Enquirer: 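Shown below is the structure under consideration.
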Amino acid sequence: MEQINIYSGKDVISKVLIDNDVETLASLLEPYRKVYAVMDSAVAADCPAALEIAAVLNSKGAPGMLVEASEHEKTMETVLKICAWLMEQGADRDALVLAIGGGITTDMTGFAASIYKRGVRFAYMPTTLLAQVDAAVGGKTGVNFDNYKNMLGIIRQPKFTFICPSVLESLSSRDFLSGAAEMLKSFIIEDGGWYGRAVEWLKGYSSTDAKGTYLQENVEELSALIGTAVSVKAGIVSRDQFEGGERRKLNLGHTFAHAIETLAQRKRMESEDAPDITHGEAVAMGMVLAAELSDAYRRESGEPIVQENGFGWGLEQRLEADFLSCGLPIGCPFRLSLMAEVMRKDKKAEAGKVHFILPFAVGDVRMVDMTIDEVVDLMS
Ligand code: GLY
């Protein structure tokens with residue numbers, strides 16, 4: 001079993017454990033007297049590993065609650081339902097609340113555990129790639145509020161996050177690739193050769209119809225990729241838990257992605273036929289746009305453009321080619337002027353400027369503060 005620690009100074013504040021045996025959960029729960037499980041109802045219904053997880057929870061005598069994990073249900077109401085259930089169950093300050101599901105389930109459960117009786121312990125078993133490499137690591141919890149994503153929440157660390165890559169076998173390829181975008185993001189931030197390895201793995205995944213078999217046959221390399229992506233994030237969070245500086249790098253592509261998701265949601269409200277866009281798809285498009293902005297910024301400021309792939313391409317073209325070969329979409333369906341209108345309202349904007357994370361090369365991202373007008377000028 002691989003263990004990655006998150007630190008505050010010298011203290012370990014959270015542990016990430018990676019192992020391909022679901023049964024390992026039993027030993028991780030051993031030290032906890034009373035466990036309360038909150039599981040995504042879709043995981044309970046569709047994930048083959050849910051039966052094994054349920055057996056572990058039964059042997060621990062852990063009561064369980066199902067939640068619907070959708071952006072629409074990611075609200076204070078659901079958090080209060082979890083709190084009410086914990087009260088009904090008589091959960092005391094000694095409780096460990098275990099979330100099993102994707103990022104919506106872990107975000108809501110972590111938040112509920114953080115306010116229940118002024119905070120009880122919690123842990124995660126993420127069942128999507130997106131949650132394994134991003135949402136369930138680093139302690140961000142929260143819910144949507146007033147049409148803003150993750151507007152209410154707190155940064156508080158889980159006791160542990162148990163990552164079992166083999167449970168991803170039953171994930172739809174679209175959901176899997178959504179998480180892959182966040183994994184690639186980690187390797188664009190810190191490379192060490194892992195970006196290329198991830199692209200190779202994902203090329204194989206997207207070019208086969210037997211995705212479950214491919215995943216099982218290549219689960220060791222996948223585990224290594226997930227472990228390294230988690231190590232990148234754990235290092236950043238250990239240095240800047242509360243996002244005063246370096247942690248902002250993890251928002252690479254996200255300012256554009258949030259605008260894309262907001263506009264896609266508006267379109268769906270106008271017409272049910274409008275295509276939905278997953279978070280990872282929006283992040284992939286957002287990273288390509290961030291690379292376009294970065295190429296333009298460096299051209300304008302006289303910074304040399306790194307010759308990517310030996311073809312004299314800028315980074316934008318390299319990311320486009322790589323993401324396409326991995327099966328990720330790259331073409332943003334919205335005009336820059338529309339995106340700009342949404343980005344002007346970005347909740348992370350400070351004094352009219354947004355902290356843009358610009359990829360200068362794979363493995364080299366930098367933060368540049370810009371107004372949206374400056375971004376539009378550079379990208380027009
Ligand atoms: N998902 C970005 C972060 O945890 O900071």
Side-chain angles (χ1 to χ4, degrees), residues 1-8 11-20 24-25 28 38 40 43 69 74 96-111 113-114 121-142 149-150 153-168 171 175-176 178-190 192 194 198 222-243 246-254 257 279-280 283 357 365:
M1 175 162 52
E2 185 182 356
Q3 177 170 331
I4 298 155
N5 295 331
I6 297 183
Y7 295 89
S8 170
D11 298 329
V12 175
I13 50 171
S14 188
K15 292 176 188 165
V16 182
L17 294 313
I18 306 179
D19 193 286
N20 272 308
T24 299
L25 179 63
L28 297 175
V38 177
D40 175 355
V43 170
K74 192 181 178 185
L96 178 86
V97 186
L98 175 70
I100 302 145
I104 295 178
T105 306
T106 56
D107 274 13
M108 290 196 297
T109 307
F111 190 31
S114 298
R121 296 171 299 180
F122 61 99
Y124 297 147
M125 179 170 179
T127 56
T128 63
L129 180 58
L130 195 139
Q132 291 188 350
V133 295
D134 190 39
V137 176
K140 281 189 179 174
T141 72
K149 278 185 79 171
N150 304 326
I154 182 169
I155 295 181
R156 190 163 175 265
Q157 301 296 332
K159 295 311 282 181
F160 67 81
T161 296
F162 172 44
I163 295 179
C164 189
S166 61
V167 306
L168 304 176
L171 212 60
D175 284 339
F176 187 87
S178 180
E182 293 281 8
M183 185 165 80
L184 288 167
K185 178 197 80 180
S186 295
F187 300 138
I188 296 171
I189 296 170
E190 268 178 49
W194 288 91
L222 177 63
S223 302
L225 290 166
I226 292 172
T228 309
V230 167
S231 296
V232 169
K233 180 160 186 182
I236 292 173
V237 172
S238 297
R239 290 186 293 272
D240 177 25
Q241 190 185 173
F242 296 107
E243 203 168 316
E246 189 186 356
R247 187 166 182 167
R248 291 182 185 138
K249 285 186 180 175
L250 294 168
N251 296 329
L252 170 64
H254 281 63
H279 178 64
V283 169
I357 307 302
V365 301

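Note that the coordinates shown come from a computational prediction; the quantities given were computed from them, not determined experimentally. Quick note: residue numbers are just sequence positions, from 1.
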Enquirer: If you take all heavy atoms of Gly110 and Thr141, which pair is closest and at what distance?
Expert: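 Scanning both residues completely, I find the closest heavy atoms to be C-CG2, 3.7 Å.
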
Enquirer: For Gln157 and Gly138, indicate whether the former's side chain and the latter's backbone hold a donor-acceptor pair under 3.5 Å.
Expert: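 Yes; at least one donor-acceptor contact below 3.5 Å.
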
Enquirer: Please confirm whether the backbone N or O of Glu243 pairs with a side-chain atom of Asp240, one donor and one acceptor, at under 3.5 Å?
Expert: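 Indeed, once roles are kept as given, a pair shorter than 3.5 Å links the two residues.
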
Enquirer: Pick one: which of Val365, Ile189, Leu250 meets side chain to side chain contact (heavy atoms under 4.5 Å, CB included) with Ile357?
Expert: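 For Ile357, the side chain to side chain contact (heavy atoms under 4.5 Å, CB included) test succeeds with only one of Val365, Ile189, Leu250, which is Val365.
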
Enquirer: Which atoms form the tightest heavy-atom contact between Ala99 and Thr105, and what is the distance?
Expert: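 Nearest heavy atoms, Ala99 then Thr105: CB-O, 4.1 Å.
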
Enquirer: Going by the rule ring pair (Phe, Tyr, Trp, His ring centres under 6.0 Å), which residues pair with Phe160 if we only count those two or more places apart in sequence or in a different chain?
Expert: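 Here no residue qualifies.
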
Enquirer: Could you pull out all donor-acceptor pairs under 3.5 Å where a side-chain atom in residues 223-234 meets a protein atom, sequence neighbours excluded?
Expert:
| unit_1 | atom_1 | unit_2 | atom_2 | d |
| --- | --- | --- | --- | --- |
| Ser223 | OG | Asn20 | ND2 | 3.0 |
| Ser223 | OG | Val219 | O | 2.8 |
| Thr228 | OG1 | Ala224 | O | 2.7 |
| Ser231 | OG | Gly227 | O | 2.9 |
| Lys233 | NZ | Asp134 | O | 2.9 |
| Lys233 | NZ | Asp134 | OD1 | 2.8 |
| Lys233 | NZ | Val137 | O | 2.9 |

Enquirer: I need the minimum non-hydrogen distance between Val283 and Leu252, along with the two atoms involved.
Expert: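 In this case the closest contact between Val283 and Leu252 is CG1-O, 4.4 Å.
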
Enquirer: Would you call Glu190-Lys249 a salt bridge at under 4.0 Å N-O?
Expert: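 No salt bridge links Glu190 with Lys249.
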
Enquirer: Identify, with sequence neighbours excluded, every residue that meets salt bridge (Lys or Arg N to Asp or Glu O under 4.0 Å) alongside Arg247.
Expert: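 With neighbours one apart ignored, the set is empty.
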
Enquirer: Could you tell me whether Asp107 and Lys74 have a side-chain N and a carboxylate O separated by less than 4.0 Å?
Expert: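 Yes, Asp107 and Lys74 are salt-bridged.
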
Enquirer: For Phe176 and Leu129, which heavy atoms make the closest approach, and how far apart are they?
Expert: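 So the minimum-distance heavy-atom pair works out to O-CD2, 3.5 Å.
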
